[in-house]
Structures are given as structure tokens and as C-alpha cells.
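Comments concern the structure below.
As a basis for the values below, the full set of heavy atoms in this structure was taken, side chains included, without hydrogen atoms, waters or symmetry mates. These numbers were taken from a predicted model, which means no experiment stands behind them. All residue numbers in this chain count up from 1 along the given sequence.
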Amino acid sequence: MKKQMLQNPYIAVRTDSGRISYGGDQSWLSTDVERSFGCGLIASADILRYLRRKCRLEQTSEGKDILTETVETVTAFTGNSIGKQEYLEDIRELSKDFRIRGKLGITGFGLARRMNRIFRRENLPYRSKWSIGKRRLERRLPEMLEADIPVLLSVGPGFFHTGQRLSLYRSKGEGVYERENSMRDHYVTVTGRLSAETPATAGRDSGGTEGGKSGGTDARQRIEAGEDLLRISSWGEEYYIRYDEYIDHVKKYDNFLFSSILYIRRKG
């Protein structure tokens, strides 16, 4: 199996029920607007937390700032989780930068501007821009994973194809992936890419709402051996999407202006 994964564990949050999430969940946010359209805020916040910890760990390994390191920094990539309240405190601070106004949410260009503002303010050695075009996406997505940078990916609104959704699959172990949910008009975070070796039958369909927490009707029934899969974080859950299915979905029902990635690279 060919794998390209982030080099360290992704963001893990201890929820009130004791469950450990896979990234943040926009349903935890404060207002109805944020809960409905806060996927960009959550994805950006998780990427920032990952990159902050990555930079601090690099400084520690180089002998810098050792005296100022916190317990969180030392244990940042050992798989330890953080509490939900601590996570939400960071979100509340970031929400000042990522203001969500109505159903438009935040565009990809807006996310890039906001991330660059934070990178400069916190002296983080990164820059971002909204990537447009299939060729750039295909080149930059693996480039970012190779550089240990999570990838914010969008599935656009498909203005003239509002009934079409992209399938989400759950790993059942031993190369089996069952379809559980679907999404449209949604930001997720890509944390890895792999080629599945074992064909698997997709699971049952389920109903639901907009923004990635729900089911849908547009699903192929099998994952073929060797297909490219993207591992993603969405609504605090670990899912997989077919890469080729994503590309086909964008071509048929959206475009590479709205459906693309936030390209983040290290300066220098």
C-alpha cells in the first residue's frame, strides 16, 4: 500500500462524553451561523495548531527556547489529546480573525488572507494562497503532505447542481471502506493519502443536512483495489474520500475555483 501521511498525529480533542475526536467539530461553535458555516474556521484552526506545535518542536530539537517550552509542546506529537474547553478557548481567539457572515461563510481567498495575517503576527515561517486549477492541485497536495503540512480542501457549493454530494467513507479495517456520509459546500482537512489494496463494498446510505455531516444519494458501490484515497478530518471524525471521485465531482458539478486547496508553503 502506498501511503503519504502527516508525520505526526493530528489534532485530538477530548469531548464531554470522553470520546477523542479527529480534529475539531463545528457543532461545538457558539452561534447557529458558526455551527452551520464554520467549517473553514475549524479547518484553519486545526492547521494552525498543528503548525504551531510543529515549529515549537523543531525549536526544541534545535536547542532553542527549551526553558519556555510547555508540557503541551513536549507531548505535542505523542498522541496526547487536549481538552475541549482548551480547544474552544483558542477558537474564540481565532474567531476574531475568521468572522463568519451569513451563508457565504469564508471564501478560499479570504482564508488565505487571514492565515497570512496570523502567520505574520505569530512569526510563523509559512505563507498561504488559494490554489486554482487541477494541475496545481495535483502537484501541491502531495507537496504539502510531504512537507508535513495539513491540507485544507474544499468541496464547492455547485450552484447549479445543489443535489449532488461527494461521498465520505469510513475505514472498517483490513482495507475495507464503507460509505457513511456525504458533503457539499464544505471545507475539510486532508491528513494523508493512500492507495487501497482491497476492494470493499460501500455501506448503506443515510439522510442528513448540508455541510458534510450527512448522507446523500450519489455513491458508487465499490472501492477498487489501488484507488487513491484521501484521509480527512470533518466534524471531528476521520473519513476517506476517493481522489478520482473528488476530481470527477468538481468537473461535473462545480469548478476548481471553489473546489480546491489552501496552498501553504514554508518560506525560504
Side-chain angles (χ1 to χ4, degrees), residues 9-53 70 72 76 80-122 124 126 128 130 150-157 162 165 168 180-191 206-215 232-239 258 261-262 264:
Y10 194 55
I11 308 304
V13 183
R14 298 187 303 275
T15 66
D16 297 336
S17 65
R19 183 181 71 87
I20 304 298
S21 77
Y22 189 67
D25 183 341
Q26 69 195 70
S27 70
W28 301 338
L29 298 178
S30 300
T31 69
D32 289 341
V33 170
E34 288 178 334
R35 287 189 289 270
S36 297
F37 306 102
C39 50
L41 167 59
I42 291 295
S44 300
D46 287 356
I47 291 171
L48 282 166
R49 176 173 282 271
Y50 189 94
L51 293 179
R52 286 166 178 157
R53 297 187 313 180
T70 64
E72 178 200 351
N80 291 0
S81 59
I82 62 171
K84 180 179 174 182
Q85 292 309 310
E86 178 186 351
Y87 178 86
L88 289 177
E89 286 174 8
D90 281 351
I91 292 292
R92 278 190 285 272
E93 287 299 314
L94 282 175
S95 65
K96 300 172 184 177
D97 293 287
F98 294 86
R99 295 189 184 278
I100 302 168
R101 295 180 174 87
K103 295 183 178 182
L104 292 178
I106 306 175
T107 67
F109 298 102
L111 289 175
R113 288 195 300 272
R114 289 162 172 80
M115 292 289 273
N116 283 330
R117 183 189 308 154
I118 295 169
F119 289 153
R120 290 191 295 269
R121 185 172 69 214
E122 299 186 8
L124 294 171
Y126 297 97
S128 70
W130 188 244
V151 183
L152 186 152
L153 177 141
S154 70
V155 178
T162 56
R165 307 175 66 88
L168 297 173
E180 289 197 354
N181 292 318
S182 69
M183 63 179 176
R184 65 176 293 273
D185 200 9
H186 192 46
Y187 291 112
V188 301
T189 310
V190 179
T191 63
S206 58
T209 60
E210 299 287 334
K213 185 112 176 174
S214 62
I232 66 167
S233 166
S234 177
W235 294 89
E237 302 283 352
E238 179 180 334
Y239 289 114
F258 297 112
I261 64 170
L262 183 67
I264 300 175

- request: Could you give me the CA-CA distance, side-chain angles and deciding distance for Tyr187 and Gln26, then say whether side-chain contact (heavy atoms from CB on, under 4.5 Å) is met?
  value: CA-CA 11 Å; Tyr187 291 112; Gln26 69 195 70; over 6 Å; no
Evaluate the side-chain proximity of [Y] to [X]: yes if any heavy-atom separation is below 4.5 Å, no if none is.
{"X": "Ile82", "Y": "Arg49", "answer": "yes"}
{"X": "Ile42", "Y": "Ile91", "answer": "yes"}
{"X": "Trp130", "Y": "Thr107", "answer": "no"}
{"X": "Ile11", "Y": "Arg53", "answer": "yes"}
{"X": "Val155", "Y": "Val188", "answer": "no"}

task: Identify the two heavy atoms, one from Ala43 and one from Leu152, that lie closest to each other, and give their separation to 0.1 Å.
output: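 That closest heavy-atom pairing would be CB-CD1, 3.6 Å.
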Any pair counted as salt bridge (charged side-chain N to carboxylate O under 4.0 Å, His left out), so long as it reaches residues 107-116, sequence neighbours left out: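 Listed by first then second residue: nothing to list.
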- request: Starting from the C-alpha separation in whole Å, work towards a yes-or-no answer on side-chain contact (heavy atoms from CB on, under 4.5 Å) for Trp235 and Asn181.
  value: CA-CA 11 Å; Trp235 294 89; Asn181 292 318; over 6 Å; no
Residue pair Asp46, Tyr10: steps toward the side-chain contact (heavy atoms from CB on, under 4.5 Å) verdict: CA-CA 8 Å; Asp46 287 356; Tyr10 194 55; 3.1 Å; yes
message: What I want to find out is whether Arg14 reaches Glu86 closely enough, with some N-O distance under 4.0 Å, to be called a salt bridge.
response: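 Answer for the salt bridge query: no.
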field: Evaluation steps, side-chain contact (heavy atoms from CB on, under 4.5 Å), between Ile118 and Phe98
entry: CA-CA 11 Å; Ile118 295 169; Phe98 294 86; 3.5 Å; yes
- request: Indicate whether the side chain of Thr191 and that of Tyr22 have a donor and an acceptor atom separated by less than 3.5 Å.
  value: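 A donor-acceptor contact under 3.5 Å links the two side chains.
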